[in-house]
Amino acid sequence: MVYRIAWIKGDGIGPEISEATLNVIEALESKHNLNFSIVFYEAGDLCLSKRGTALPSETVEGFRNADAAIKGPVGETSMDVTVKLRQIFDLYANIRPVKNFPNIECVKNIDVVIVRENSEDLYKGLEFEIDNIAFALRIVSDYATKRIARVAGEIACKRSGLVTIVHKSNVLRKTCGLFSRVAKEELSKYPVKVNEMYVDAASAVLIRSPEKFDVILTTNMFGDILSDEAAQIAGSLGIGPSANIGEEKAFFEPIHGAAPDIAGKNIANPYAMILSFKMLMEWLSEKKNDQRLKEAAYTLESAVVEALKMGYKTPDIGGNKKTDEIGHLLHKLIENL
Ligand code: ATP
């Protein structure tokens with residue numbers, strides 16, 4: 001069985017971290033007898049300047065026809081590419097697991113999954129300006145809250161079974177009020193414990209006592225901010241993967257941006273992109289009921305752990321290795337695992 005993967009390399013460090021990931025995938029294919037047919041598509045800032053559009057229609061069609069998709073970061077066109085793709089394919093669940101890896105200096109020990117509603121809130125992009133006053137509409141629906149609460153419930157059942165709903169219903173009484181009420185109703189159908197916390201308190205507790213959280217369920221913008229904070233508690237943005245998941249489609253991406261300040265220097269941390277591919281294989285494994293993909297995901301994570309123990313780290317996490325050296329080492333480790 002050949003799996004079709006649509007791939008956007010993206011801007012800034014996107015091409016470098018993509019190359020390192022592709023090197024690793026080659027080794028996984030031979031080891032686990034897998035066959036990925038990878039097709040590259042353009043999108044992002046460079047694409048906009050070259051072609052006049054940040055998200056060409058063939059890229060959208062490529063995503064539509066693929067079994068799964070992965071993208072590197074895009075720069076200023078994130079709203080036109082990342083947010084647009086989420087909207088087109090109704091990828092309503094943004095899943096960001098955050099945990100420590102060996103040999104990476106961290107703020108605290110942390111092991112949480114942030115489940116962020118990905119289709120509504122202020123990121124719906126409904127903004128306008130009248131008489132020098134700018135407005136943004138915040139949308140939170142019963143429908144979207146229910147379906148994201150179910151995702152959090154299912155994930156929590158496979159973990160320690162605690163969901164913390166993060167909102168700000170004391171101020172945003174309608175939007176956050178609905179989110180809190182509907183999420184609690186939906187989660188009452190799962191064998192999980194449910195807590196609630198205001199977002200300002202949650203951001204403080206996340207730094208002080210991250211062990212108080214297991215699954216964090218929150219709205220789009222709060223989730224965006226809390227997940228960068230959580231990634232930094234684990235050590236770096238450069239190791240954080242994420243998934244954008246809908247009923248049928250999904251794409252995976254590192255949580256960091258295009259990092260133009262270090263682009264082209266071969267020092268970008270490729271682990272977030274590599275671990276995003278791991279999440280892709282786990283998702284595809286369930287979808288296609290293919291155990292080989294799950295095993296390949298396990299192999300990949302074991303190789304990452306081993307590489308970090310060996311000190312294969314880029315400067316952002318205190319090492320001096322190059323992006324491509326990490327790709328080569330992981331390739332070798334996977335061959336020998
Ligand atoms: P965005 O708004 O798209 O998230 P940003 O400029 O706010 O973009 P990043 O591009 O993620 O944020 O960069 C923030 C900082 O983190 C920069 O100094 C960048 O060099 C660093 N950084 C981000 N990703 C990586 C990575 N993979 N490896 C090393 N450093 C990184």
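Whatever order the structure lists ligands and atoms in, that order sets their numbers, starting from 1. A quick note: this is a predicted structure, and the numbers were derived from the prediction, not measured.
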- Query: Is it true that Lys313 and Glu105 have a side-chain N and a carboxylate O under 4.0 angstrom from each other?
  - Reply: no

- Kindly indicate whether a cation-pi arrangement holds for Lys288 with Tyr3, taking the cut-offs as under 6.0 Å to the six-membered ring centre and within 45° of the axis. no

- Write out all pairs satisfying ring-ring contact (aromatic ring centres under 6.0 Å, His included) with one or both partners inside residues 298-337, taking only residues at least two apart or from two chains. none

- Task: Output all residues satisfying ring-ring contact (aromatic ring centres under 6.0 Å, His included) with Phe36, sequence neighbours left out; order by chain, then residue number.
- Result: Phe277

- Query: With sequence neighbours left out, what residues match Tyr198 under ring-ring contact (aromatic ring centres under 6.0 Å, His included)?
  - Reply: His167

- Task: Can you tell me which residues line ligand 1 if we count any heavy atom under 4.0 angstrom from one of its atoms, in chain and number order?
- Result: Ile13, Leu237, Gly238, His256, Gly257, Ala258, Ala259, Asp261, Ile262, Ala268, Asn269, Asp316

- Identify the two heavy atoms, one from Ser203 and one from Glu229, that lie closest to each other, and give their separation to 0.1 Å. O-OE2, 2.6 Å

